[in-house]
Asker: 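Sharing a structure here in structure tokens format.
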Amino acid sequence: MAKVLMKGNEALGEAAIRAGCVHFFGYPITPQTEVPEYLVKRLPEVGGEFVQAESEVAAINMVFGAAGVGIKCMTSSSSPGISLMAEGLSYIAACELPCVIINIMRAGPGLGGILPAQSDYFQATKGHGHGDYKLIVLAPSSVQEAVDLMILAFELAETYRNPVMLCADGMIGQMMEPVEFPREGKGPPLRDNEWALTGCDGRKRRIVNSLFLAPEELQQHNLNLKAKYDLIAEKETRSELYGAGESYDLLVVAFGTMARICKTAIDELRQGGLNVALFRPITLNPFPYGKLREAMDAMPEGARVLNVEMSMGQLVWDVRYAAEGSREVEFYGTAGGIVPSPDDVAERIRGIVRGDEVAAAEGGEGHG
Amino acid sequence: MHGTEVVMAGFGGQGMLLAGKILAHAAMDSGMEVSWLPSYGPEMRGGTANVVVCMSEKPIGSPLIESPRGLIAMNLPSLDKFAPKVKPGGVIVVNGSLIDKDPGRDDCTVIRVDSRALAQEAGSERAANFVVLGAYVGATDVVPEEAVTEAIGREFTGNKAQFVPANVAAFRAGLKLGRETGVAS
């Protein structure tokens, strides 16, 4: 199939259709508005439905309803809008319904700004709604990967009957890159909707519910969910180790946009004789603790880890958790839409190699 | 040429994002890896609308470039902001129709283009963005001429197809100027 040049947001919209998504509910917010803008034109062409909701709260509850009747559906927003969806996400996860949520992250907290950030990491992987539930969280670092992970998102949502979040940032949403779609035309509907509320005429009625007043019943429900999350962790954890080569003396950990910027820095450093590798989580949840630990253990004793992210220190918690104190984990982060350049990252790494004291966050380039 | 990157900047409406898209298309069609990253933040309000286009034989790491090898500046704020950042030996295309100032970069190839006059000659004043694109491509030879003219043809379709001849003529006028003063070898 020929490559086409597309904006990340538009490519995500097209990928959703190729995955078989037929219903979209959402509310505009920069920097993700091209997702609904694309789908409002495209969905009717494939017999789908687009609804601009009155708010993000309404949008996620429309997704709840559509998912409950067995429709492949999604919503899309950016950070503040995702916060508004927290309650609905908890209900959808509790009811074990398949759907996909895109978060094109912008700088926070509060209304913050519209520039790229990665500061919704905790929200996506640990936070948002109440109760013991988990989303599957996928983090692309290019427009092509955004397409591939979008198609995977719908597959995972269906296989595990669980909401899946695709977590990218404003840079991936706004950037154009060549993409190739892995399949032609509209994707298939759900393989199995034996649980969906499709009208109970002539059959036993089905119930989609998250209320369990009996404690034993609710505990069993939680145990069932936990067993599912453990299975997802075992089967669906994804990551990349870049520049591993023969050996490396420093490991950078970053995801999404930040990871590709680190790759450029690592290429430059390698030309200068510094052996540096990059570990990139692709699934932020389940987090690839095991693979990360392996990548750390492959380094000589005393070699350090540098975590780089566009936040004030969120991913770094999981990196330190994986290290279990076996490695020093340095942190470099920016906020506000400031994107570190490859030179900024390279300079940090040289500083660590020299043994400088590392300041947590400074430098970087405002990406207007 | 293993790869290069160019910042294209001007006022909103001067067509830099579109010209950048045409360049990215032409590079992609020539088998290169490309990225097209626009500004979308507060800068857009009253300052510069800019895009950075990266073109490479290898997968593109950072799409955000601090020191580009090329610059097309359509207005003075863009020249002031980006000219000091261009790598030594780079190419700077200056829109002479709006900018009198010299970029002050003796270590770069500077091409001053009266884009408005050349665009008018080509048939449309609005094609000034393709004049400067032509100058840049002529000077650097980063993509073949035909790849750009084909990309223009594919971009303007339907009732916009009428703009193709003037845009192509504007591009070729710039290209000629770029080749005369260029660094391509």
Side-chain angles (χ1 to χ4, degrees), chain A residues 2-9 30-34 104 106-107 113-116 141-145 170-180 242-243 257-268 278 310 336-347 363-368, chain B residues 2-3 5 7-9 12 16-68 77-78 81-82 85 87 147 151 154-155:
Chain A
K3 282 192 174 179
V4 287
L5 190 64
M6 275 181 109
K7 244 188 182 193
N9 283 337
T30 304
Q32 66 80 49
T33 299
E34 293 86 356
I104 303 295
R106 57 186 253 179
I114 60 174
L115 293 175
S141 76
S142 69
V143 177
Q144 180 65 58
E145 195 178 31
M171 193 180 283
I172 288 175
Q174 293 297 322
M175 179 168 59
M176 280 206 274
E177 285 188 305
V179 287
E180 218 169 341
Y242 176 79
T257 285
M258 205 53 249
R260 63 188 288 165
I261 292 171
C262 289
K263 283 181 181 176
T264 300
I266 286 168
D267 290 346
E268 284 168 19
L278 169 79
M310 291 188 278
I338 304 285
V339 181
S341 69
D343 288 348
D344 294 330
V345 175
E347 191 43 49
E365 175 86 347
H367 166 62
Chain B
H2 291 296
E5 59 284 321
V7 170
M8 305 168 70
M16 283 297 94
L17 268 57
L18 175 61
K21 187 179 163 192
I22 296 292
L23 178 61
H25 256 292
M28 180 180 82
D29 295 342
S30 310
M32 299 170 95
E33 302 283 348
V34 298
S35 67
W36 175 97
L37 179 67
S39 58
Y40 71 92
E43 268 190 317
M44 296 283 280
R45 299 189 183 119
T48 64
N50 67 71
V51 60
V52 50
V53 179
C54 298
M55 297 158 279
S56 178
E57 306 295 335
K58 295 189 301 178
I60 288 158
S62 174
L64 187 64
I65 303 294
E66 225 166 355
S67 307
S78 299
K81 179 169 182 185
F82 295 110
K85 297 182 176 179
K87 278 201 179 83
R154 276 202 308 275
E155 179 69 25

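Chain letters run A, B, ... following the sequence lines, proteins first, then strands; residues in each count from 1.
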Asker: Do B:Leu64 and A:Met171 make a side-chain contact, defined as non-hydrogen atoms from C-beta onward lying under 4.5 Å apart?
Answerer: yes

Asker: Which residues satisfy the salt bridge (Lys or Arg N to Asp or Glu O under 4.0 Å) test with A:Arg106, sequence neighbours excluded?
Answerer: none

Asker: Once you round to the nearest 0.5 Å, how far does CE of A:Met176 lie from NZ of B:Lys21?
Answerer: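 If I round to the nearest 0.5 Å, the distance is 5.0 Å.
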
Asker: Could you give me the CA-CA distance, side-chain angles and deciding distance for A:Asp343 and B:Glu66, then say whether side-chain contact (heavy atoms from CB on, under 4.5 Å) is met?
Answerer: CA-CA 8 Å; A:Asp343 288 348; B:Glu66 225 166 355; 3.8 Å; yes

Asker: Verify side-chain contact (heavy atoms from CB on, under 4.5 Å) between A:Arg260 and B:Ile60, making sure each step is shown before the conclusion.
Answerer: CA-CA 8 Å; A:Arg260 63 188 288 165; B:Ile60 288 158; 4.0 Å; yes

Asker: Out of A:Ile261, A:Asp267, A:Thr30, return the one with the most heavy atom pairs under 4.5 angstrom to chain B.
Answerer: A:Ile261

Asker: Taking B:Ser62 for its side chain and A:Pro342 for its backbone only, find out whether a donor-acceptor pair lies under 3.5 Å.
Answerer: no

Asker: Which atoms form the tightest heavy-atom contact between A:Lys7 and B:Trp36, and what is the distance?
Answerer: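 For A:Lys7 versus B:Trp36, the nearest heavy atoms are CE-CZ3, 4.0 Å.
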
Asker: Between B:Pro38 and A:Gln174, what is the shortest heavy-atom contact and its length?
Answerer: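 Scanning both residues, the minimum pair turns out to be CD-O, 3.3 Å.
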
Asker: In terms of heavy-atom proximity below 4.5 Å to chain B, should A:Ser141 be classed as side chain, backbone, both, or neither?
Answerer: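 Interface part for A:Ser141: neither.
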
Asker: How long is the span from the CG atom in A:Leu115 to the OG atom in B:Ser39, to the nearest 0.5 Å?
Answerer: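 Reported value, rounded in 0.5 Å steps: 9.5 Å.
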
Asker: So what's closer than 4.5 Å to chain B heavy atoms on A:Val4: side chain, backbone, both or neither?
Answerer: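 Just its backbone gets close to chain B.
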
Asker: At their closest point, which heavy atom of A:Pro178 faces which heavy atom of B:Val34, and how far apart are they?
Answerer: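 Heavy atoms of A:Pro178 and B:Val34 come nearest at CD-O, 3.3 Å.
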
Asker: Working to the nearest 0.5 Å, report the span between CE of B:Met28 and CG of A:Leu5.
Answerer: 5.0 Å

Asker: Could you work out, with salt bridge (Lys or Arg N to Asp or Glu O under 4.0 Å) as the rule, every residue matching B:Asp29, not counting sequence neighbours?
Answerer: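 Only B:Arg154 meet the salt bridge (Lys or Arg N to Asp or Glu O under 4.0 Å) criterion with B:Asp29.
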
